[in-house]
Amino acid sequence: MSLLLNDRQQYILEQLEREKKVLVASLAQELGVAPETIRRDLDTLEKEKKLKRVHGGAVRYLQTNNEPHFIKKMNVRAKEKEAIGRKAAEFIQDGDTIMIDVGTTTIHIAKAITGVKDLTIVTNSLAAAEELNNRLESQEFDGKIIVLGGTTNPAQKSIVGALTCKMLESFRFDKLFLSCGGITTNNVSDYDFEECMVSTVMIERANQVFVLADSSKIDHESFYKICSLSTVDYIICDEEMPLAWKQKELDTMIQWISPGGEEHHEG
């Protein structure tokens, strides 16, 4: 089997996801290329933080460092996040009860909600709560905002902890808009354990789960698992679904939406 560069590297990542570790010698034999070619591929993928080189091969790259500060993240891929947030807001209808998760992508939903009536919004994002309150006061939409209780995380402008999870058990949401640190063909993941625990309860309480992820999150895995991909109903991303995902027929399981794609309107 002989593959082009991009296809070869995608094959390596898929093997790594299945086996947790890949070996240079085995990959060279499977792909019909020299070991030096595989080593160059592994070096490239390591620089992109998609794997970690070890003796004789590579293992999966897991992000274990602290999540960047909320303010710093707001300036990263800002246009893409704004477009994703606007697209997500199109799914919100009159009378909905929605949950907006913490994050620098989900906050753009709060900035985009306009003209909706009788809307109930629950959030554990201090930043989203402030934005929503201002928009409610200026009558950009009609409804109410419920801010979850718990322990504040000032760096991420979030509210987390056991109390947050307990409060969530009192709600049922039509739609959950969830942020993440990474999303693969198997799992959705994030940086912070407590935020992941809250996100897991949110998913249990939601009829529909929307994951908002800019393209840098795709095929990236953070340290803590939030949920299996099979739990997700929609992914809203600034790029189209990768070919490798379509080859696994994930486009039949998940509705993938990009801001430049076809408009969606629920009946």
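For S189 against C180, the heavy-atom pair with the smallest separation is O-CB, 3.5 Å. Looking at every heavy atom in both residues, G150 comes nearest to L163 through N-CD2, 3.8 Å. Between K175 and I92, the closest heavy-atom pair is NZ-CA, 4.4 Å. In plain terms, the two heavy atoms of G115 and D94 that are nearest each other are O-OD1, 4.2 Å. Considering every non-hydrogen atom in both Y191 and G181, the closest pair reads CE1-CA, 3.9 Å. The two atoms that bring A112 and G85 nearest to each other are CB-O, 4.2 Å, heavy atoms only.
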Extract all donor-acceptor atom pairs below 3.5 Å that involve side chains of residues 242-253 and protein atoms in other chains or at least two apart in sequence.
{"unit_1": "W245", "atom_1": "NE1", "unit_2": "D219", "atom_2": "OD1", "d": "3.1"}
{"unit_1": "K248", "atom_1": "NZ", "unit_2": "T185", "atom_2": "OG1", "d": "3.3"}
{"unit_1": "T252", "atom_1": "OG1", "unit_2": "E249", "atom_2": "O", "d": "2.6"}

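Going from atom CE of M202 over to atom CZ of F177 covers 13.0 Å, rounded to the nearest 0.5 Å. Here the CG atom belonging to L23 is positioned 11.0 Å from the CD atom belonging to Q15, to the nearest 0.5 angstrom. Remark: I183 CD1 to C237 SG distance equals 8.5 Å, nearest 0.5 Å. Taken to the nearest 0.5 Å, the CG atom of D174 stands 8.0 Å off from the CD atom of Q208. Distance check, rounded to the nearest 0.5 Å: OG1 of T104 to CG of L212 gives 10.5 Å. E195 contributes atom CD, which lies 11.5 Å from atom OG1 of T200 (distance to the nearest 0.5 angstrom).
With a 4.5 Å cut-off on side-chain heavy atoms, K50 and Q9 do not count as touching. In this structure, K157 and V102 have side chains that are not in contact, with every pair of non-hydrogen atoms separated by 4.5 Å or more. In this structure the side chain of I113 reaches within 4.5 angstrom of the side chain of I121, judged on heavy atoms. Side-chain atoms of T164 and M167, non-hydrogen and from C-beta on, never get closer than 4.5 Å to each other. Between K81 and I84, the closest side-chain pair of non-hydrogen atoms is not below 4.5 Å.
Applying the side chain to side chain donor-acceptor pair (under 3.5 Å) test between S215 and each of E80, R77, E240 identifies R77 as the sole match. When each of E221, E17, E19 is tested with R60 by the rule side chain to side chain donor-acceptor pair (under 3.5 Å), just one qualifies, namely E221.
The hydrophobic cluster containing L168 also contains I226, counting ILVMFWY residues as joined when their side-chain heavy atoms lie under 4.5 angstrom apart, directly or transitively. When hydrophobic clusters are built by joining Ile, Leu, Val, Met, Phe, Trp and Tyr residues whose side-chain heavy atoms come closer than 4.5 Å, directly or via intermediates, I146 is not grouped with F141. In the hydrophobic cluster analysis, where Ile, Leu, Val, Met, Phe, Trp and Tyr join through side-chain heavy atoms closer than 4.5 angstrom, F173 is grouped together with I235. Both V188 and V209 belong to a single network of hydrophobic side chains, linked directly or stepwise wherever heavy atoms of I, L, V, M, F, W or Y lie under 4.5 Å apart. In this structure, M99 is not a member of the same hydrophobic cluster as I107, with clusters built from ILVMFWY side-chain heavy atoms closer than 4.5 Å.
For E90 and R86, the salt-bridge test fails: no basic side-chain N is under 4.0 Å from an acidic carboxylate O. The residues E82 and K79 are annotated as not salt-bridged, no charged nitrogen and carboxylate oxygen being separated by less than 4.0 angstrom.
If you check the side chains of D101 and S179, you find a donor sitting under 3.5 Å from an acceptor. In this structure, a donor-acceptor pair under 3.5 Å is absent between the side chains of D192 and Q156. Counted by atom type alone, N186 and T184 present zero donor-acceptor pairs between their side chains at under 3.5 Å.
Listed for the D190 side chain is no donor-acceptor partner under 3.5 Å among the backbone atoms of C196. Remark: side-chain polar atoms of R205 are paired, donor with acceptor, to backbone N or O of F171 under 3.5 angstrom. Under the 3.5 Å distance criterion, the side-chain polar atoms of K21 are left unmatched by any main-chain donor or acceptor of G57. Without hydrogens or angle criteria, S258 side chain to D238 main chain gives no donor-acceptor distance under 3.5 Å. Under a 3.5 Å cut-off, the side chain of R8 and the backbone N or O of L31 do not form any donor-acceptor pair. Although no hydrogens or angles enter the test, the distance criterion places no donor-acceptor pair under 3.5 Å between the side chain of N153 and the main chain of S158. Counting only distance, with no hydrogens or angles, the side chain of N124 and the backbone of I159 share a donor-acceptor pair below 3.5 Å. Of the possible polar contacts, none joining the R39 side chain to the V24 backbone as a donor-acceptor pair under 3.5 Å is found. A donor-acceptor pair is defined here as one N or O able to donate and one able to accept, closer than 3.5 Å; such a pair exists between the side chain of T123 and the backbone of I100. For T120 (side chain) and T97 (main-chain N/O), no donor-acceptor pair under 3.5 Å exists by modelled atom type.
No more than 12 heavy-atom neighbours from other residues, nucleotides or ligands sit within 6.0 angstrom of CE on M197. For E130, the CD atom counts as loosely surrounded, since its 6.0 Å shell holds 12 or fewer non-hydrogen atoms of other residues, nucleotides or ligands. More than 12 heavy atoms of other residues, nucleotides or ligands shown are found within 6.0 angstrom of NZ on K20.
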Subject >> Candidate pair L45 and I12, rule side chain to side chain contact (heavy atoms under 4.5 Å, CB included), full reasoning >> reply: CA-CA 9 Å; L45 292 169; I12 291 171; 4.1 Å; yes
Original post:
Run the side chain to side chain contact (heavy atoms under 4.5 Å, CB included) check on Q10 and D7 step by step: do they pass?
Top reply: CA-CA 5 Å; Q10 184 61 43; D7 292 334; 5.6 Å; no
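The aromatic ring centroids of Y234 and F91 lie less than 6.0 Å from each other.
Annotation: side-chain hydrogen bond (donor to acceptor under 3.5 Å, both in side chains) contacts of D142 (sequence neighbours excluded): none. Evaluation of the side-chain hydrogen bond (donor to acceptor under 3.5 Å, both in side chains) rule for N207 yields R172 as partners, not counting sequence neighbours.
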